[in-house]
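When a ligand or atom number is given, it counts from 1 through the structure's own listing order.
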Amino acid sequence: MVSHVSTIAFQGIEAVPVDVQVMVAPGKMGMQIVGLGDKAVAESRERVQAALHASGLSMPPKKVTVNLAPADLPKEGSHYDLPIALGLMAALGAVPGDALAGYVVLGELSLDGTVAAVNGVLPAAMGANAMGKGLICPHACGAEAAWASADIDILAPRSLIGLANHFRGTQVMSRPEPAIGPPPGRWPDLADIKGQESAKRALEVAAAGGHNLLMIGPPGAGKSMLAQRLPSILPPLVPRELLEVSMIASIAGELADGKLSDRRPFRAPHHSASMAAIVGGGLKARPGEASLSHHGVLFLDELPEFSPQVLDSLRQPLETAECVIARANHRISYPARIQLVAAMNPCRCGRAGEPGHRCLRGPRCQTDYQARISGPLLDRIDLRIEVPAVSAGDLVGAARAETSAAVAVRVAHARALQQQRYTALGLPGWTTNAACSAALIEEIVPLDADGMALIRDASEKLGFSARAYHRVLKVARTLADLDGADSVARIHLAEAISYRMAGDRMAHAA
Ligand SMILES: Nc1ncnc2c1ncn2[C@@H]1O[C@H](COP(=O)(O)OP(=O)(O)O)[C@@H](O)[C@H]1O
Ligand SMILES: [Mg+2]
């Protein structure tokens, strides 16, 4: 007799149905698992046998064959333990096979029969819900699974025995409740930064429209400080974004206690990070920092110190909002709608451009350093600003600046206008001007003769690419949204163009 249990395999954040078939037949005693499993799946045999033993069930003196179908789909991870054990228990009559039919099952087993937490429970629950089934998952992940839908049936047992008792009706388990993470600890506040008004303005514009931002300035100017305060002015995630962000975090095993949070991700990988760490990949095709920053901020401090390959690998996600990991026999993609924020010194010694300073290596100090950032990457950065150093004298006795809370109100207002606009256009998935397509932005930013002349002039002088032109329009739209203006005026265009100048000076120096 063959018993069947449904489980899933992950392809990106998508859950692909997998059928676990267990057959107990006369033959040499032992257990074999087939179906293109990785090492963790092969080792599942030992865990399942030990867990069954600990739960008071001995292996039958027969041949046990486990097949994970479809047989040509690669299976990775330790979450196949529980479905295999349940399939075997059903084949032995320890649990009713038909009771399992309505569930998708995933979980890892410890040798003592307890069910240990696994990654990816939220996407699995969403997948199960779409298939019209319930979910059996580890107790520790129950709160996470409950987010998938208010009425999906969830069993979150602590142990194999607990689950068997539930099916026998001797100890009924209750449905876990969705849990929300602790309220965010206080972010550092913009009020700590004295002066730097134009840098703060650029930060506000970046937050309002989701634009990419590059800050160039000498060491100690406060670039890292500014970037770290960006999360304090960003609006919280909307529910649809919250689920997407949490699914990626779930696959990566970064959801603490299965609790979700509506804070926008802010990731700041170190500059020694590899390409796999940033765009994803590696042995298990894990999501990288770019995907973990989905709907949030990826902050790259000391930008030229990242390896050029890593930086160039970000070009594709910045354009298409997804990271694609190509494998020998399949390809996986993770969403990555990111806002890139970067900071750099103007040259290796950090003081190029300061009045009276001459780098020891001459102008090459600056050109060599800045040439590490390719033109195509720079082209994708809408706002580039120079952050000059503030002198210690300026800090002494300076008045306390505007707080993050005050700026966040303006940002939230501008975002609400954008959301209304794109929802009215039938594009509810877009919530920022940065996400708008090139064709549409030309439509929603009609230029008058004056505006056209200004742009034509600027693009002749600065040599705008087509992409740069569209990005200027997007920034101008955001500036108008911040002003609460219906149409984009010359003043908005002029400010948007000015944000590309710092970088163009840089590109010409390179
Ligand atoms: N505008 C400012 N207001 C208050 N403190 C500042 C300001 N700029 C720099 N600082 C001080 O300088 C330190 C270094 O700033 P940081 O952001 O690390 O500089 P950078 O990243 O540009 O090298 C900060 O921790 C802070 O103490
Ligand atoms: Mg710094």
(message) Are any of the N/O atoms on A221, whether in the backbone or the side chain, positioned under 3.5 angstrom from an N/O atom of ligand 1?
(response) yes
(request) For P219, counting its heavy atoms only, list the atoms of ligand 1 lying under 4.0 Å from any of them. (result) 23 (O)
(message) With a cutoff of 4.0 Å, is G217 in contact with ligand 1, counting heavy atoms of the residue only?
(response) no
(request) Among all protein heavy atoms, pick the one closest to atom 21 (O) of ligand 1 and tell me residue, atom and distance. (result) S224 OG, 2.7 Å
(message) I'd like to know if the side chain of T478 pairs up with that of N433 as donor and acceptor (distance under 3.5 Å, no hydrogens or angles considered).
(response) yes
(request) Would you sort out whether F10 and H79 count as a ring pair (Phe, Tyr, Trp, His ring centres under 6.0 Å), showing the intermediate values? (result) CA-CA 11 Å; F10 294 108; H79 66 267; 5.5 Å; yes
(message) S313: which residues meet the side-chain contact (heavy atoms from CB on, under 4.5 Å) condition with it, sequence neighbours left out?
(response) M275, V279
Identify every side-chain donor-acceptor pair in residues 340-348 under 3.5 Å, counting partners at least two apart or on other chains, and give the distances.
| unit_1 | atom_1 | unit_2 | atom_2 | d |
| --- | --- | --- | --- | --- |
| N345 | OD1 | K223 | NZ | 3.3 |

(message) Out of all atoms in ligand 1, which are within 4.0 Å of some heavy atom of Q196? Include the element for each.
(response) 1 (N)
(request) Write out the residue and atom name of the closest protein heavy atom to atom 5 (N) of ligand 1, then the distance separating them to 0.1 Å. (result) M225 CE, 3.7 Å
(request) Quick one: look at I193 and ligand 1, take heavy-atom pairs under 4.0 Å, and tell me if it's side chain, backbone, both or neither. (result) both
(request) Indicate whether atom 24 (C) of ligand 1 is within a distance of less than 4.0 angstrom of some protein heavy atom. (result) yes
(message) Within the 3.5 Å criterion, strictly below it, is a donor on Q418 or T431 matched to an acceptor on the partner's side chain?
(response) no
(message) Can you report which non-hydrogen protein atom sits closest to atom 19 (O) of ligand 1, along with the distance?
(response) G222 N, 3.2 Å
(message) Yes or no, since that's all I need: does a protein heavy atom fall within a distance strictly under 4.0 Å of atom 27 (O) of ligand 1?
(response) no
(message) What count do you get for protein N, O or S atoms closer to the Mg ion (ligand 2) than 2.8 Å?
(response) 1
(request) For residues T423 and Q419, report the shortest heavy-atom separation together with the two atoms involved. (result) OG1-O, 2.6 Å
(request) Any atoms of ligand 1 less than 4.0 Å from a non-hydrogen atom of K194? List them with their elements. (result) 1 (N), 2 (C), 3 (N), 4 (C)
(request) State if D192 counts as touching ligand 1 under the rule of any non-hydrogen atom under 4.0 Å. (result) yes
(request) For atom 9 (C) of ligand 1, grab the closest protein heavy atom and report residue, atom and distance to one decimal in Å. (result) G220 O, 3.2 Å
(request) May I ask you to check whether over 12 heavy atoms, not counting those of R201, lie within 6.0 Å of atom CZ? (result) yes
(message) Using a 3.5 Å cut-off on N or O atoms only, is V390 in polar contact with ligand 1?
(response) no
(request) Kindly write out the residues that satisfy salt bridge (Lys or Arg N to Asp or Glu O under 4.0 Å) with E108, not counting sequence neighbours, or none if the list is empty. (result) none
(message) Tell me whether R315 at atom CZ has more than 12 heavy atoms from other residues, nucleotides or ligands lying less than 6.0 Å away.
(response) yes
(request) May I ask you to check whether H271 and D301 show a side-chain donor-acceptor distance below 3.5 Å? (result) no
